[in-house]
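Given the structure is predicted, the values throughout are model-derived calculations rather than measurements.
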Amino acid sequence: MAEGEDGSLAGREPRPEPGEEFEIVDRSQLPSPGELRSAAKPQAGSESWSAPILTLARKATGNLSASCGIALRAAAALGGADGGGDGGGDSGARAASRCQMMEERTNLMHMMKLSVKVLLQSALSLGRSLDADHAPLQQFFVVMEHCLKHGLKVKKSFIGQNKSFFGPLELVEKLCPEAADIATSVRNLPELKTAVGRGRAWLYLALMQKKLADYLKVLIDNKHLLSEFYEPEALMMEEEGMVIVGLLVGLNVLDANLCLKGEDLDSQVGVIDFSLYLKDVQDLDGGKEHERITDVLDQKNYVEELNRHLSCTVGDLQSKIDGLEKTNSKLQEELSAATDRICSLQEEQQQLREQNELIRERSEKSVEITKQDTKVELETYKQTRQGLDEMYSDVWKQLKEEKKVRLELEKELELQIGMKTEMEIAMKLLEKDTHEKQDTLVALRQQLEEVKAINLQMFHKVQNAESCLQQKNDAITSFEEKNNQVMSSMKQMEERLQLSERARQGAEERSLKVQQELGSQTCALQQQLSQLHEQCSSLEKELKSEKEQRQALQRELQQEKDTSSLLRAELQQVEGLKKELRELQDEKADLQKVCDEQEQALQEMGLHLSQSKLKMEDIKEVNKALKGHTWLKDDEATHCKQCEKEFSISRRKHHCRHCGHIFCNMCSSNELALPSYPKPVRVCDSCHTLLLQRCSSTGS
């Protein structure tokens, strides 16, 4: 079965996709766990730091061998599935691929832990910034590249298949605007032609910015966007991605100086070198000796640079002294020119004052004259306006009274017309009553005739039927009573008719009288209306004349306003002249201030010259003192010289630039400008106090 598996794998070697150039390591080339243990046994007792690295290497190799076995079994299962049924083969292949992906995730996570730990230890032992040639840093980038490529989906296009990890890294630009500079600089590099090279350059720049962990955390937080590029079982989609982000946070301590120009990032082969993590103790001792030699050389270079800086500062100070002497002579010349200019400005100021006084006197006189004229014109205008207002008020009162009289007359006319209409209605009602009464009289007469006929019939019947007389006597008496009542009612109706005729005659007489009175009143009212019309026409003529007078007065008013506006403009000109006077006074004060400041500057220049001479003496003393000081090595100091606390990753080592000893951050947080450095540098507390005392003594 093993031979068959090997043959099937040999026949199905995966071809590298475009943009990828990784070596495919055969299983026979990998060291077995027993060999690793035998190689690690002599090293276990030599040094304590290699023990955790060896354990991590064992885990990684065991996991790699297990993953290779799983891959072989998966390939065999796939070969058997081709000959047999397709359903069982598919499920087995999926399970095998999931197991393989899980094993690869664990392997990559262990390798990342190992590479980060080795990188941090090598950086701490060196004690300086890392370059691109540093082997642990190169291996870290290789492992990081493997982690980002794990579970990447293959994108098909017209050119071919594309599988690069620069696609998900481009998402960081959208999610985090701070990463836009990295993306643009990577795209603008002309040396990079493949997506793999751009991805490697992006990782270099992110590490130099110390934001690699932050950018990857942003990516992992947005897994819905990563699902376009990665499989569901990929390392970036699982919990191992967050673990790797946590490991990358520790790299923010390092300072990486990586140069992208001149490096062929497109054709680099990403193979993990396990020999870095299984070094011998002798190599470590040789490395330490090499480090000591480099430290001595660094110290020598530092002393040479100090001497060079001192010589440069001495030359700079001499040039500054020459420049100060030149500026002093220039300032003296400018002072003499400024004094001449001040004298000329004072003369001009006196002339301007005399001119301003003349202008002020003229303007005051003209203003007084115009004020008197305006007062007289205003009084005359007020008097004429009062007379016109009185006339207008009288005419307006007369108009109102006439309007009231006219309204009263119109109301009386309306009342009389209403009375006339009421009288006509009453006459019509009386006529209707008389007609009704005549009809009732006719009806009563008919009833009387009928009663007479009935009486005759009754009389005949009485004669014919005497036997019935006794029975009908009561009826006759009743009829007689009724007859009497009817007669009395007839008499009353006749009396009422006579009364109504009399009332009708009186009403007709009254209506004639009212008509005569109304005719006389209407004639009088018409005469009054004609008189009122004549008065209205006369009043309208008077109003027109008054309006014309008023318009003439308004024109005069506008002329007076124009004159007043001209006077105001003249007043504003006078105020502008006053402002110009004030501005000239302010300019004089400013010039005096400039003269005072220039005198102070000259005094300060003399002080600076004296101080520069003192500084030259200090520099000579510092040169003498520096020859006695020695720059302490990083390996020689394990504790702070002042507080005697042990150094660690959190408590870093810092050199005092004055005495050369090593202190912690708390004991060397002061900064002073030393003669050997152009800018303020770090100084310990004791040197800080000593230098301050020296400065105070020289100043006094």
Kindly list each side-chain donor-acceptor pair under 3.5 angstrom involving residues 354-365, sequence neighbours excluded, with atom names and distances?
from	atom 1	to	atom 2	distance (Å)
Asn356	ND2	Leu352	O	2.9
Ser363	OG	Ile359	O	3.0
Ser363	OG	Arg360	O	2.7

For Ser122 against His134, the heavy-atom pair lying closest together: OG-NE2, 3.1 Å

Within 6.0 Å of NZ in Lys210, more than 12 heavy atoms from elsewhere: yes

Asp221 and Lys217 ion-paired at < 4.0 Å: yes

Ile220 to Met242 - nearest heavy-atom pair and separation: CG2-SD, 3.4 Å

Salt-bridge present (Glu646, Arg651; N to O < 4.0 Å): no

Point-to-point distance, once rounded to the nearest 0.5 Å, from CD of Gln332 to CG of Asn328: 5.0 Å

Heavy-atom donor-acceptor pair, Asn252 side chain to Val249 backbone, under 3.5 Å: yes

Heavy atoms from other residues, nucleotides or ligands near CZ of Arg187 exceed 12 (cutoff 6.0 Å): yes

Exercise: identify the closest heavy-atom pair between Val118 and Pro136: CG1-CB, 4.2 Å

Nearest atoms (heavy-atom pairs only) where Gln642 meets Cys667: OE1-CB, 3.5 Å

Residues, nucleotides or ligands: over 12 heavy atoms within 6.0 Å of Gln585 CD: yes

Glu636 atom CD, over 12 foreign heavy atoms within 6.0 Å: yes

Pairwise distance NZ(Lys330) to CD(Glu325) - rounded to 0.5 angstrom: 13.0 Å

Using atom types as modelled, flag every donor-acceptor pair under 3.5 Å from a side chain in residues 679-686 to any protein atom, sequence neighbours excluded.
from	atom 1	to	atom 2	distance (Å)
Arg682	NH1	Asn665	OD1	3.1
Arg682	NH1	Ser668	O	2.8
Asp685	OD1	Asn670	ND2	2.6

Shortest non-hydrogen separation from Val116 to Leu247 and the atoms involved: CG1-O, 3.8 Å

ring-ring contact (aromatic ring centres under 6.0 Å, His included) partners for Phe663, two or more places apart: none

Polar side chain donor-acceptor pair, Tyr215 to Gln209, under 3.5 angstrom: yes

Nearest non-hydrogen partners of Pro168 and Leu219, listed with the distance: O-CD2, 3.3 Å

Main-chain N/O of Ala637 paired with Lys653 side-chain donor or acceptor, under 3.5 Å: yes

Residue pair Leu148 / Leu216, side-chain heavy-atom distance below 4.5 Å: yes

Polar side-chain atom of His688 near backbone of Leu672 as donor-acceptor pair, under 3.5 Å: no

Chi angles and distances behind the side-chain contact (heavy atoms from CB on, under 4.5 Å) call for Met112, Ser115: CA-CA 5 Å; Met112 181 56 73; Ser115 63; 3.9 Å; yes

